[in-house]
K.L.:
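Structure below; questions to follow.
Order of the sequence lines fixes the chain letters, A, B, ..., with proteins taken first and strands second; residue numbering starts at 1 for each chain.
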2 protein chains.
Amino acid sequence: MKSNPPAKKPTIREVARVAGVSSSTVSHVLSGKRPISPAVCKRVRRVVDRLGYRAHATAMHLAQRRTGQLGLVVREVQSSVTGALLEHMEAACRGAGYKMLLGIAHDDADLAVAYLGEFASGLADGVLNLVPGISVDRAKATCPGVPVLTYLRPHPDSPVLFDKKAATGLMMEHLWGLGHRRIALLWVPDLAPEQDRDPKELGYRDFYAQRGQEVDERLILRLEDGEDLRPMAEAAVDMGATALFATSDLRAAELLRWAHETGRRVPEDLSVAGFDDAPIAAALVPSLTTVPFPLPDLAEKTVRALVDRIEGRPPRAQELLPPRLLIRQSTGKIPPSPTEKRP
Amino acid sequence: MKSNPPAKKPTIREVARVAGVSSSTVSHVLSGKRPISPAVCKRVRRVVDRLGYRAHATAMHLAQRRTGQLGLVVREVQSSVTGALLEHMEAACRGAGYKMLLGIAHDDADLAVAYLGEFASGLADGVLNLVPGISVDRAKATCPGVPVLTYLRPHPDSPVLFDKKAATGLMMEHLWGLGHRRIALLWVPDLAPEQDRDPKELGYRDFYAQRGQEVDERLILRLEDGEDLRPMAEAAVDMGATALFATSDLRAAELLRWAHETGRRVPEDLSVAGFDDAPIAAALVPSLTTVPFPLPDLAEKTVRALVDRIEGRPPRAQELLPPRLLIRQSTGKIPPSPTEKRP
DNA sequence: CTGAAAGCGCTAACAT
DNA sequence: ATGTTAGCGCTTTCAG
């Protein structure tokens with residue numbers, strides 16, 4: 001039952017006039033940045049409420065030379081990984097006392113750069129580049145004079161990294177420990193502009209190298225982005241693979257389906273492992289053994305590093321998060337005689 | 001190989017001084033809002049480039065009393081529907097000449113309101129509420145004096161709606177046409193604050209009512225949010241259901257899995273239908289017959305309505321988008337003798 | 001404890 | 001075609 005004035009927004013001056021004080025006082029009542037007598041304080045608040053006054057954010061930002069906002073630019077928000085990451089990012093921003101501005105660049109690098117530049121030119125106090133195709137250097141060049149960080153790049157500017165190579169090694173060890181010797185890697189290359197080799201591939205090769213074993217190149221199955229992985233899986237099994245390690249849970253899910261369709265039991269006949277711990281991973285039958293991607297930690301530490309830079313605190317050393325293993329039902333002991341069933 | 005000055009951002013005045021013109025001229029060179037002699041124009045641009053000048057967005061917004069930004073508040077970005085919707089929203093905003101600001105409110109209504117209010121107080125020219133828990137009226141009350149629209153609510157303020165009731169009816173008709181008479185509805189209630197009945201339930205009941213048939217209440221299977229649907233599915237089949245209609249593709253996917261696990265062939269023994277046309281729907285085996293949710297259209301028209309209001313154009317009439325059917329492999333003719341196989 | 005005045009960086013009348 | 005002058009709505013010295 002409120003009165004409904006045609007909603008012209010009151011300014012701080014009107015509040016001041018009605019309350020019979022200066023606008024400076026109103027400002028200080030609202031910000032608490034200097035002591036105000038209780039009487040005046042109360043009177044001002046009353047007027048603020050009655051008029052429905054809210055400070056104009058843009059004007060405040062200009063005067064304070066600070067927006068309290070962090071600008072993030074992403075390529076997409078559809079994938080479950082990005083979705084989850086963003087929610088953690090949001091939480092981290094809020095936790096640090098900032099609001100989050102999000103730009104979605106789709107596959108348009110120019111649009112990404114436009115968002116970065118926009119954020120950097122007064123909209124945000126700091127900028128976070130999450131677009132895989134935009135390099136650390138490009139992001140920095142686009143945001144002169146503003147703290148910019150790029151998320152998760154093999155570059156000193158990324159405050160925290162995840163050790164994907166070690167993660168791959170860890171999963172290999174797990175499979176090896178179960179008796180698997182011929183482990184296939186189903187691998188969709190995913191290179192940041194800053195690197196020339198995919199750490200997952202390196203981890204796989206290193207694992208065998210460390211054991212003095214020759215890598216069977218035919219077990220490294222490189223997939224294109226939308227490619228059907230069933231022929232590859234078939235080939236791997238023909239080649240004697242007893243375990244299939246996909247570099248994402250989505251791909252691993254497809255493997256499970258393929259296995260089911262072709263009458264292979266997982267993990268009795270074949271082990272399948274994934275990467276990421278996407279939401280589906282636990283829901284699949286059998287549930288998927290995987291390497292969880294430490295999203296909350298990555299988000300929190302990346303944001304904190306950005307905020308540290310904004311607020312002038314000395315940077316912490318770059319962190320390399322160690323991998324963990326989430327062992328569920330899709331991996332098991334190597335079958336007794338994998339290839340000698342024929343007779 | 002650029003020089004790297006400690007990145008203090010130049011202002012328009014410095015550009016003006018260096019170029020030997022007034023700041024007004026610089027402004028107009030950049031905005032093209034009044035004719036400038038080629039010579040001056042060129043000189044100014046040179047200085048702009050050399051100094052790396054970029055207009056301060058916040059200051060511009062304040063002076064122009066326009067930000068060119070739309071503020072959207074969502075609950076989450078994890079689900080494939082929200083993810084896809086947001087990307088369409090982003091595209092729609094850009095198409096209309098606005099940038100998109102996104103607030104993620106998680107499950108915190110206060111946070112949602114905080115974002116709405118923040119956007120409304122000068123950060124955005126218009127606000128879009130996509131948080132299911134925030135009513136049209138609450139959103140309006142939170143954003144006085146700023147155009148606010150709430151996405152997809154049964155309320156005159158929502159510029160475009162999707163006819164879920166008709167959509168349900170359409171799918172029922174499809175199943176009916178295949179011979180199914182006992183169709184079960186697996187239904188997770190999803191009520192907006194503005195409505196008291198779920199249109200999907202209404203559509204189901206109306207369908208039978210229009211055919212003068214009594215609805216068998218035992219075929220309306222109401223699920224809680226995370227609830228396992230397998231017992232329900234089992235019960236429905238026991239009750240003689242030959243088709244299962246789930247009110248989301250995710251649920252339908254679970255039905256497919258359950259059917260597979262329990263040795264029921266889809267669609268030979270049982271038809272399964274979904275709702276949404278989520279990305280997985282086409283990828284499932286069998287691919288899922290479903291009702292596509294017209295995301296691009298909804299996004300585009302909602303944004304356009306908001307922009308119309310911002311720019312003072314007269315509002316168009318509310319639109320009710322008609323449903324379509326996407327018939328794929330998961331629905332088929334009723335099996336010859338569904339329950340009389342036992343002997 | 002409070003007020004007056006000078007900006008924040010830019011745009012938009014209003015001159016010329 | 002260009003310059004001068006007021007602001008946009010707020011914060012923040014600097015006085016009192």
K.L.:
Specify the separation, in whole Å, of atom CZ of B/Arg54 and atom P of C/dC10.
P.N.:
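Taking CZ of B/Arg54 and P of C/dC10, I get 12 Å after rounding.
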
K.L.:
Pull out every protein N or O sitting under 3.5 Å from an N or O of nucleotides 12-14 of chain D, one pair per line with the distance.
P.N.:
residue	atom	partner	partner atom	Å
D/dT12	OP2	A/Lys33	NZ	3.3
D/dT12	O4	A/Ser24	OG	3.4

K.L.:
What is the distance from CE of A/Met60 to P of D/dT11, rounded to the nearest Å?
P.N.:
5 Å

K.L.:
Rounded to the nearest Å, what distance is computed from the CZ atom of residue A/Arg43 to the P atom of nucleotide C/dC1?
P.N.:
15 Å

K.L.:
Reckon A/Leu62 touches a base, only the sugar-phosphate, or nothing at all at heavy-atom distances under 4.0 Å?
P.N.:
base

K.L.:
Going by atom types alone, do A/Thr82 and A/Ser79 pair a side-chain donor with an acceptor below 3.5 Å?
P.N.:
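Yes - a donor-acceptor pair under 3.5 Å links their side chains.
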
K.L.:
Whole angstrom is fine here: how far is it from CD1 in A/Ile36 over to C1' in C/dG3?
P.N.:
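Nearest whole value for this atom pair: 11 Å.
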
K.L.:
Taking atom types as modelled and ignoring hydrogens, do the side chains of A/Thr25 and A/Ser22 form a donor-acceptor contact shorter than 3.5 angstrom?
P.N.:
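On atom types as modelled, these side chains qualify, holding a pair under 3.5 Å.
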
K.L.:
For B/Tyr115, is the NZ or CZ atom of B/Arg75 found under 6.0 angstrom from the centre of its six-membered ring and inside 45 degrees of the ring axis?
P.N.:
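Judged by the rule, B/Arg75 and B/Tyr115 form no cation-pi pair.
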
K.L.:
Are the charged groups of A/Lys9 and A/Glu14 less than 4.0 angstrom apart, N to O?
P.N.:
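Looking at A/Glu14 together with A/Lys9, the answer is no, because their closest N to O distance does not fall below 4.0 Å.
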
K.L.:
Rounded to whole angstroms, how far apart are OH on B/Tyr53 and C1' on C/dG9?
P.N.:
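In whole Å, C/dG9 C1' lies 7 Å from B/Tyr53 OH.
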
K.L.:
Whole Å only: how far is the NZ atom of B/Lys9 from the C1' atom of C/dC8?
P.N.:
13 Å

K.L.:
Taking B/Asp297 first and then B/Lys301, would you say they form a salt bridge - that is, a charged N and a carboxylate O separated by under 4.0 Å?
P.N.:
yes

K.L.:
If you assign each of A/Arg13 and A/Ser37 to its closest nucleotide in DNA chain C, which residue comes earlier from the 5' end?
P.N.:
A/Ser37

K.L.:
Distance check needed: D/dG9 P versus A/Leu30 CG, whole Å only.
P.N.:
16 Å

K.L.:
I need the full list of salt bridge (Lys or Arg N to Asp or Glu O under 4.0 Å) pairs touching residues 28-42 of chain A, with sequence neighbours left out, sorted by first then second residue.
P.N.:
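Not a single pair qualifies under salt bridge (Lys or Arg N to Asp or Glu O under 4.0 Å).
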
K.L.:
In this structure, how many angstroms lie between the P atom of C/dC10 and the CD atom of A/Glu118, rounded?
P.N.:
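My rounded result for the distance is 13 Å.
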
K.L.:
Can A/Arg54 and B/Glu118 be counted as an ion pair, charged N to O under 4.0 angstrom?
P.N.:
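Salt bridge: yes.
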
K.L.:
Using the side-chain heavy atoms of A/Val40, tell me which of these nucleotides is nearest: C/dT2, D/dC10, C/dT11.
P.N.:
C/dT2

K.L.:
Verify the contact: side-chain N or O of B/Thr11 to OP1 or OP2 of C/dG9, cut-off strictly under 4.0 Å; return yes or no.
P.N.:
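No, because none of the side-chain N or O atoms of B/Thr11 sits under 4.0 Å from OP1 or OP2 of C/dG9.
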
